[in-house]
Amino acid sequence: MSDTFFKEKKPWSKYKDFILDYYLTPYIAKVKYLKRPILIIDCCAGPGKFEDGTEGSPLIITKHIVESRNNGIDIKGLFLEKQKKYFKNLENLMMPHSDYIMVHQTDFTGYLSKIAGMAKSHTVFLYVDPYGIKELPFEELAIIYEQINKSGSSVEVLMNFNSAGFVRCGLVSLKMESIIPDSELTEEFYDEPIADIQGMTPEQMDEIAGGNYWKNVVVDTNLSFAEKEREIGKLYAKQMNKYYPITVDYPVKAKYHHKAPKYRLIYGTRHSDGIFLMNDIMYDARERFLISEFSDGKLFDTRPVEEEKNMAVFTKYLYEIISREQPITRKFVKLAAMQEFFCRYKTGDYSEAIRNLLKGFEGLRIFSKSGKTKINDEELLSTKQFK
Ligand SMILES: C[S@@+](CC[C@H](N)C(=O)[O-])C[C@H]1O[C@@H](n2cnc3c(N)ncnc32)[C@H](O)[C@@H]1O
């Protein structure tokens, strides 16, 4: 894979760029108030540019850094790449930015303890985009995550986790059949070279997963391949939950009808603001995908009904949360509902649904502590009138 990866950017790779690019602007605007220098780290930077001329993640990040520095923000970049040929390109490309972009030819796993040290004095955004799961040792990444608990610094992570590759790698490591059954195959989905999933021991898989929970899943003959992939994605995100109270993932598919995604973008944060921003950005990414699959070049949007928004169902779901947890702030209603509806509704939809409930919606009514219908996230809500 490595020799051809940077020839041209694949359509599904563009989703991670979109999400990274759109997230960085509001992210920097928020964290600058933490009054610490900001460091954006690209752990698997690549050459910076694809052969077809498309920008790689280092150029996307640099654009944001330059713009922010022009606005007086103390922000730098650290780009790590282990392969010499890609590193040379990266180094040349970053030459004009050498005052604020550091580049190192190194394996990022050997650099993690240094990064953990930097997290003591910096606000850190970590972007981890390896080819596959082999380069993603959870236990080593956890050193940085641990730093969060110790120093109270802000460290967010956005990573590309190839959960389908993980399932196949896990099966091979247990000397089991890793071929996906024909009924689960969807054209070009099965393009992972066999060499990329070979050569791992179960112990090495434990290190990548951060535990041995994966074994029960991959050997479960009652689960289809797609179900195993989903379960592994869920359990991996749960491991990250030990360090990040809020962890979400976005499955990036090449085609809608594919049963398993190409990869999952996993995002971890400690801040509700981060998750609300990411929800809206991943909502937009998902909309783009649905439009390209079901609307582009067609007279009507032909998306399946389960992909349509249903504000009535959504509003009733929010009402249930409020009646169960009352009194509860609007922020916690949003956070609770996002577990179920992540990237399916925008934060504006949450506000609209709650506003409708405050006015009365299909026989349901809630009340705000202030008695107002125009409220902010800190406002307490209940199905009973406040005294
Ligand atoms: C998927 S590509 C990254 C693409 C890049 N994020 C972009 O959008 O332009 C993975 C890159 O990470 C590098 N890499 C893989 N494992 C690494 C490691 N442990 N440390 C540093 N670089 C690594 C590979 O050589 C490759 O250039």
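Both counts, for ligands and for their atoms, begin at 1 and track the order of listing.
Remark: aromatic rings of Tyr267 and Tyr250 are distant, center separation not under 6.0 Å.
Residue Asp42 places no N or O, backbone or side chain, under 3.5 Å from any N or O of ligand 1. In terms of polar-atom proximity, defined here as any N/O pair under 3.5 Å, Tyr127 makes no such contact with ligand 1. Every N/O-N/O distance between Tyr86 and ligand 1 stays at or above 3.5 Å. Backbone and side-chain nitrogen or oxygen atoms of Phe5 are examined, and none is located within less than 3.5 angstrom of a nitrogen or oxygen of ligand 1.
Taking all heavy atoms of Glu140, Lys82, Glu81 into account, the minimum distance to atom 25 (O) of ligand 1 is reached by Glu81.
More than 12 heavy atoms of other shown residues, nucleotides or ligands fall within 6.0 angstrom of atom OH in Tyr317.
Ligand 1 lies within reach of Ala45, whose nearest heavy atom is under 4.0 Å from it. Within the 4.0 Å heavy-atom cutoff, Ser13 does not count among the residues contacting ligand 1. Contact annotation: Thr106 has at least one heavy atom less than 4.0 Å from an atom of ligand 1. Residue contacts with ligand 1 leave out Tyr111, since none of its heavy atoms falls under 4.0 Å from the ligand.
Counting only residues at least two apart or on different chains, no salt bridge (Lys or Arg N to Asp or Glu O under 4.0 Å) pair has a member in residues 98-114.
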Item to check | Test salt bridge (charged side-chain N to carboxylate O under 4.0 Å, His left out) applied to Glu378 and Lys331, step by step | outcome: CA-CA 6 Å; Glu378 304 311 323; Lys331 184 196 279 180; 3.6 Å; yes
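The side chain to side chain donor-acceptor pair (under 3.5 Å) search around Lys346 returns Asp284, not counting sequence neighbours.
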